[in-house]
Chemist: 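One structure is given below, represented as structure tokens, and several questions about it will come after.
Worth knowing before you read on, the calculation uses all heavy atoms, side chains too, and leaves out hydrogens, waters and symmetry mates. First the proteins, then the strands, lettered A, B, ... as listed; each starts at 1.
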Amino acid sequence: MRASRFHLATLKETPVDAEIVSHQLMLRAGMIRRHAAGIYSWLPLGLRILRKVEQIVREEMDRAGALELLMPSFQPAELWQESGRWEQFGPELLRLKDRHERDACIGPTHEEIVTDIFRREVNSYRQLPVNFYQIQTKFRDEIRPRFGVMRSREFIMKDAYSFDLNQDAMQRSYDIMDQAYVNIFDRFGLDYRAVSADSGAIGGNTSQEFHVLAESGEDAIAFSDQGDFAANIETVEALPPAAERAAPAADMEIVDTPGMHTIDDLASGLGISARQCLKTLIAEAEDGGLVALVLRGDHELNVLKAERLAGVASPLRLAQREQIIEVLGNDIGSIGPIGLSIPVFVDHSAARLADFVCGANQDDRHLVNANWGRDCDEPVSVDIRNVLAGDPSPDGKGQLKILRGIEVGHIFQLGQKYSESMQATVLDEQGKAIVPFMGCYGIGVTRVVAAAIEQNHDDKGIIWPESLAPFQLAICPINYHKSDVVKQAADDFYQQCLDRGLEVFLDDRALRPGVMFSDMELIGVPHRVVFSERGLGAQQFEYKGRRDADAQELPLDELTTFLEKLVTSSCAPG
RNA sequence: CGGGGUGUAGCGCAGCCUGGUAGCGCAACUGCUUUGGGAGCAGUGGGUCGGGAGUUCGAAUCUCUCCACCCCGACCA
């Protein structure tokens, strides 16, 4: 590609409403442009990368035996009514009516459509297993789209759906997809982790997420420093502390704590550690009343765990301040478990504390040297906190480490949820109708692009992994329009690259070198060759890798060897 | 949806308080010079000041209203 014929739309200034690096760089590099909240066009440069991601996904899905098809975005309401999701799905499902006033939606996912296809097309156990997939546009009317294409309303997803005769066979299909995902993410050249996960609203049991590791990731993932354990932090069990609770050592006292409403206030005000304080959160109960959730001061509530407790409203809602004052008689900031008249659940770690500090259930007062058993009943000890780095791994092997990740893939076992509600069946060997077991496997294709940037960039711009780069090589001739030798050398080499099938970008714009260099660095081209009169005069060309600190001068007669090495390395799988 | 904020040229902003000729930088276009890290000079084009209503002789500026977008919270690839 010649720069003069490519729409290179780089920006010098960083758009002000782009919050995260990937969004800023995608706009600056001219990959995407926004039309409305969470709605983007992919410009030619961005599309090249998107296609790279799609192609890797497609090749590995095909290799795993999945069959590509294409399903509609516009979906009739009938199918969603059959599965029950027309009612269940919230406003995230974009509903609309056509000119005949028929209800429909723009598909946020395709379980209904694929199940409809399956029940029409597949009748016999002989046709199983089967796995249909597509790479297609989804629409989810997110409450708050943000971070560019990381959380957009319209996005491209690869979604695959497997159908099997029984649970074991479903497990086999799932394992095949698991391996396919490993292959895909390996080929992307990104640092990622597969972690076990909550199966969320779609339902089913076993579920795994694939996270691209990045500081800016919205999810925390915990993994063992010794074993294989890795999971989304929201699912990780916090083991009770090994040590028994110490015996009470001092008498309980009430102290005045004016203005100390947070654990930090309290710890610094009393000169103690947050670990010695109790944090008491008040949530709504299932019956409309309140429940108390008690944690150690330095711990964080895990919402998923809390809403699974008997009596706690699910989804979890923290109580309104007015209701707390009405029921408990005092304000948030001085609540404690001792003397509370509502059900109290205490996290294991908090339940092991002795001589702790907690709210006195009187405004601006706290209790010190309080003790379970002596000053109130023995606690109901449960696991309701997020694990922390250094906690023991639930599999007993080593300690947990915590990293941040961007969820780009998710594989589920759905079981018979959709096949049953939509009455999809196949006949088995006995001629009996069997409800098949389904699996569902997603990759956020557009999100992969953003995640790759989030993980691979520097202050100059994007650093694409070889497998995702829009161009492998940039040729920057200096004085292309003035110097015949430079033009000759650049054109010849460009043609050689094309002949060898390399994706090459020739910057034939009449620009000063600094502008060319910064553009090529911004858009993240992995390799750069410079031709100049000075260099050519010395029988040299210049090479610089995107990650290299300095360029190197190489003899001109090695140019062909250099090209061959580049072709080999960039065409190698992975 | 709740809370906070912003809408002025393609992008980034000033002007608004205190009503009176719509401005700056970058980008774009033309010409000349320059050519190894985002050049210089000269010139040019580009605006329903988010929309509507109101107050006023007069509104980017004051009032009301609607809309859009951004940021913080509950959802997800």
Chemist: Scan every strand shown for a Watson-Crick or G-U wobble partner of B/U56, both distances under 3.5 Å, and answer none if you come up empty.
Modeler: none
Chemist: My understanding is that a pair needs two contacts under 3.5 Å, Watson-Crick or G-U wobble. By that rule, which nucleotide pairs with B/G43?
Modeler: B/C29
Chemist: Which whole number of Å gives the distance between the P atom of B/U6 and that of B/G15?
Modeler: 12 Å
Chemist: Checking side-chain polar atoms at under 3.5 Å, does A/Asp175 have a donor or acceptor matched by the opposite partner on A/Gln179?
Modeler: no
Chemist: Distance alone, cut at 3.5 Å: any donor-acceptor contact between the side chains of A/Asp186 and A/Tyr192?
Modeler: yes
Chemist: What pairs of residues pass the ring-ring contact (aromatic ring centres under 6.0 Å, His included) test when at least one of them lies in residues 30-61 of chain A, not counting sequence neighbours?
Modeler: A/His23-A/Tyr40
Chemist: When rounded to the nearest Å, what value does the distance between C1' atoms of B/U48 and B/U44 take?
Modeler: 24 Å
Chemist: Treat primed atoms plus P, OP1 and OP2 as sugar-phosphate and everything else as base, then score nucleotides 66-74 of chain B 5' to 3': B for base contact with protein heavy atoms under 4.0 Å, S for sugar-phosphate contact only, - for none.
Modeler: ---SSSBBB
Chemist: Any strand is fair game: report the nucleotide pairing with B/U61 by Watson-Crick or G-U wobble, both distances under 3.5 Å, or none.
Modeler: none
Chemist: Tell me which residues in residues 44-55 of chain A lie within less than 4.0 Å of RNA chain B, going by non-hydrogen atoms.
Modeler: none
Chemist: If the C1' atom of B/A9 is compared with that of B/A14, how far apart are they to the nearest Å?
Modeler: 14 Å
Chemist: Can you tell me the pairing partner of B/A68 across any strand shown, Watson-Crick or G-U wobble, with both distances under 3.5 angstrom?
Modeler: B/U6
Chemist: Between C1' on B/C75 and CZ on A/Phe139, what's the gap in Å once rounded to a whole number?
Modeler: 15 Å
Chemist: Identify, with sequence neighbours excluded, every residue that meets side chain to side chain donor-acceptor pair (under 3.5 Å) alongside A/Arg48.
Modeler: none
Chemist: How does protein reach along nucleotides 33-40 of chain B, written 5' to 3' as B (base within reach of a heavy atom under 4.0 Å), S (only sugar-phosphate), or - (no contact)?
Modeler: -BBBBBB-
Chemist: Grab the CZ-P distance between A/Arg193 and B/A77 for me, whole Å please.
Modeler: 21 Å
Chemist: Sort out the partner of B/G37 for me: Watson-Crick or G-U wobble, both distances under 3.5 Å, none otherwise.
Modeler: none
Chemist: Using atom C1' in both nucleotides, what's the gap between B/G2 and B/G19 to the nearest angstrom?
Modeler: 36 Å
Chemist: Taking atom P of B/A77 as reference, at what distance in whole Å does atom CD of A/Glu154 sit?
Modeler: 17 Å
Chemist: Applying the Watson-Crick and G-U wobble criteria at under 3.5 Å, what pairs with B/G23? Answer none if nothing qualifies.
Modeler: B/C13
Chemist: Closest nucleotide of RNA chain B for A/Thr446 versus for A/Thr14: which of these residues is on the 5' side?
Modeler: A/Thr14
Chemist: Does B/A74 have a Watson-Crick or wobble mate here (both distances under 3.5 Å), and if so which one?
Modeler: none
Chemist: Under 4.0 Å, counting only non-hydrogen atoms across every strand here, what does A/Ser483 touch: a base, just sugar-phosphate, or nothing?
Modeler: nothing
Chemist: Please name all residues satisfying side chain to side chain contact (heavy atoms under 4.5 Å, CB included) with A/Ala292, sequence neighbours left out, ordered by chain then number.
Modeler: A/Thr280, A/Ile282, A/Leu340, A/Ile342, A/Val344
Chemist: Atom CG of A/Leu27 and atom P of B/A27: how far apart are they, to the nearest Å?
Modeler: 19 Å
Chemist: If you look at every strand shown and take non-hydrogen atoms under 4.0 Å, does A/Glu13 touch a base, only sugar-phosphate, or nothing?
Modeler: base
Chemist: Could you pull out all residues at least two apart from A/Gln134 that satisfy side chain to side chain contact (heavy atoms under 4.5 Å, CB included)?
Modeler: A/Leu69, A/Leu70, A/Met71, A/His110, A/Gln136, A/Lys138, A/Asp159
Chemist: Using the C1' atom as the point on both nucleotides, what is the distance between B/G7 and B/G52, in whole Å?
Modeler: 16 Å
Chemist: Cation-pi check, A/Arg193 to A/Phe223: give yes when NZ or CZ is under 6.0 Å from the six-membered ring centre and within 45° of the ring axis, no otherwise.
Modeler: yes
Chemist: Who are the ring pair (Phe, Tyr, Trp, His ring centres under 6.0 Å) partners of A/Phe493, not counting sequence neighbours?
Modeler: A/Phe531
Chemist: Do any pairs count as a ring-ring contact (aromatic ring centres under 6.0 Å, His included) and have a residue in residues 136-158 of chain A, sequence neighbours left out, and if so which ones?
Modeler: none
Chemist: Hydrogens and angles aside, do A/Thr262 and A/Asp265 bring a side-chain donor and acceptor to less than 3.5 Å of each other?
Modeler: yes
Chemist: Round to a whole Å and report the spacing from CG of A/Asp141 to C1' of B/C1.
Modeler: 13 Å
Chemist: Taking atom P of B/A77 as reference, at what distance in whole Å does atom CG of A/Leu93 sit?
Modeler: 15 Å
Chemist: What interatomic distance, in whole Å, is found between P of B/G5 and the corresponding atom of B/G45?
Modeler: 40 Å
Chemist: Taking the C1' atom of each, how far is B/G50 from B/C41, in whole Å?
Modeler: 38 Å
Chemist: Could you check how far CZ of A/Arg447 sits from C1' of B/A77, rounded to whole Å?
Modeler: 5 Å
Chemist: Which whole number of Å gives the distance between the P atom of B/C13 and that of B/C76?
Modeler: 35 Å
Chemist: RNA chain B: A/Pro15 or A/Gly444, which has the more 5' nearest nucleotide?
Modeler: A/Pro15
Chemist: Suppose the criterion is side chain to side chain donor-acceptor pair (under 3.5 Å): which pairs have a residue in residues 10-21 of chain A, not counting sequence neighbours?
Modeler: A/Thr10-A/Asp519
Chemist: How many whole angstroms separate atom CG of A/Asp159 from atom P of B/A77?
Modeler: 11 Å
Chemist: A/Arg2: which residues meet the side chain to side chain contact (heavy atoms under 4.5 Å, CB included) condition with it, sequence neighbours left out?
Modeler: A/Ser4, A/Arg5, A/Tyr480, A/Asp491, A/Tyr494, A/Leu506, A/Asp508
Chemist: Tell me whether the rings of A/Phe505 and A/Phe6 are parallel (<30°), tilted (30 to 60°) or perpendicular (>60°).
Modeler: perpendicular
Chemist: List for me each residue that meets ring pair (Phe, Tyr, Trp, His ring centres under 6.0 Å) alongside A/Phe437, sequence neighbours excluded, and say none if there are none.
Modeler: none
